[in-house]
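The structure appears below as structure tokens.
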Amino acid sequence: MIIQADFYHQNAASVARNLLGATLVRQLNGQRISGMIVETEAYTGLEDEASHAYRGRTLRNKPMWDTAGHSYLYLNYGVHWLLNVTCEADNHPAAVLLRAIEPLDGLSIMAHHRSDRPALEWTNGPGKLTIALALDGSLNMVDMTTTASNLWIERGQSIPDEDISVGPRVGLGKRISEQWLDAPLRWWITTNQYVSRSER
DNA sequence: ACGGAGATCTTCT
DNA sequence: GAAGATCTCCGTT
């Protein structure tokens, strides 16, 4: 059952928390590639110094102002595509970064995309999972609440609070204030093997 | 195990 | 000209 747009009409922190356990699905050449979301980060809005939206609207970050429930795929360090889902009320620039998934369907396809590395390294990071699922700019700004986009999220496991850890976001620069550097806006399933890193 | 460097696009100074 | 929501490879412990 696909998660509908009303789910994404809440603050980014709630969306990030509640996406844990859900199933990210990519349809590629009629094949289903999927995984359980095990790690997320929230980028909350204009006031969030770590967010691309902080310095205003540009060509790249335009999808963050897009309708909730759409994809925001951008090229990081000129090398890796990172997948976000837009959220909050429409026209409010917030998004949730999907940092890691646990593979479910399409295992042989993921292995191939990941050069037959060990399974634990297929999707345990935001840049890795986009390689495994063959996601790039061609899927930017698509509607993730319908199968027509070939990219959507389904309801999956319900993860209780006691199985979830919360902490600061990963990889942020030093130019932002401690308030936003330390803000607990990263969620992960505590014992899951596919989390990109267990602490920071 | 850990640390540094390179890859190379978008944005900002 | 430099930094960034990262990953990989290669060097040294």
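Note that these values count all heavy atoms, side chains included, but never hydrogens, waters or copies made by symmetry. Each chain gets a letter, A, B and so on, in the order its sequence line appears, and its residues count up from 1.
At whole-Å resolution of the value, OH in A/Y77 and C1' in B/dA5 are 13 Å apart. The distance between atom CG of A/N124 and atom C1' of C/dT6, rounded to the nearest whole Å, is 12 Å. Taking atom OH of A/Y54 as the reference point, atom C1' of C/dA3 lies 16 Å away to the nearest angstrom. For A/K62 and B/dT10, the NZ to C1' distance is 14 Å, given to the nearest whole Å. Atoms OH (A/Y74) and C1' (B/dT8) sit 15 Å apart, rounded to a whole Å. In this structure, the NZ atom of A/K174 is 18 Å from the C1' atom of C/dA2, given to the nearest Å. Rounded to a whole Å, the CG atom of A/D136 is 13 Å from the P atom of B/dT10. Distance CH2 (A/W81) to C1' (B/dC9): 9 Å, rounded to an integer number of Å.
Within the 3.5 Å criterion, the main-chain N or O of A/M141 finds a donor-acceptor partner in the side chain of A/S71. The main-chain N or O of A/D105 is found under 3.5 Å from a side-chain atom of A/S34 such that the two form a donor-acceptor pair. Side-chain atoms of A/T86 come within 3.5 Å of backbone N or O of A/G69 as a donor-acceptor pair. A donor-acceptor pair is defined here as one N or O able to donate and one able to accept, closer than 3.5 Å; such a pair exists between the side chain of A/E49 and the backbone of A/S177.
A/K128 has a side-chain polar atom (N or O) that falls below the 4.0 Å cut-off from OP1 or OP2 of C/dT8. The phosphate of C/dT8 has OP1 or OP2 within less than 4.0 Å of a side-chain N or O from A/R117. For A/R55 and C/dG4, the shortest distance from a side-chain N or O to OP1 or OP2 is not below 4.0 Å.
For the P atoms, the distance linking C/dA2 with B/dA5 amounts to 15 Å, nearest Å.
Counting non-hydrogen atoms under 4.0 angstrom, A/L59 reaches the backbone sugars and phosphates but no base. When heavy atoms are screened at a 4.0 angstrom cut-off, A/G78 is found touching base atoms of the nucleic acid. Counting non-hydrogen atoms under 4.0 angstrom, A/L75 reaches the backbone sugars and phosphates but no base.
A distance cut-off of 5.5 Å between ring centres, combined with a plane angle under 30°, places A/Y43 in a stacking arrangement with the base of C/dA5.
In the set C/dC7, B/dT8, C/dA5, the nucleotide with an atom closest to the side chain of A/Y72 is C/dA5. The side chain of A/R175 approaches C/dG4 more closely than any other nucleotide in the set C/dG4, B/dT11, C/dT6. Closest approach to the A/R60 side chain among C/dT6, B/dT11, C/dA5 is made by B/dT11 (side chain taken as heavy atoms from C-beta onward). Nearest to the side chain of A/N76, among C/dA5, C/dC7, B/dT8, sits C/dA5. Closest to the A/R114 side chain, of the nucleotides C/dT8, C/dT6, C/dA5, is C/dT8.
The 5' end of DNA chain C is approached more closely, in terms of each residue's nearest nucleotide, by A/E41 than by the other of A/E121 and A/E41. Along DNA chain B, the nucleotide nearest A/H80 and the nucleotide nearest A/H52 are compared for position; the residue whose nucleotide lies closer to the 5' end is A/H80.
Base pairing annotation: C/dA5 forms no Watson-Crick or G-U wobble pair, as no partner gives both donor-acceptor distances under 3.5 Å. When both pairing distances are held under 3.5 Å, B/dT8 makes no Watson-Crick or G-U pair with any nucleotide shown.
The distance from the CD1 atom of A/I33 to the CG atom of A/L28 is 5.0 Å, given to the nearest 0.5 Å.
A side-chain contact (heavy atoms from CB on, under 4.5 Å) with A/N140 is found for one member of A/Y74, A/Y72, A/W81 and no other, namely A/Y72.
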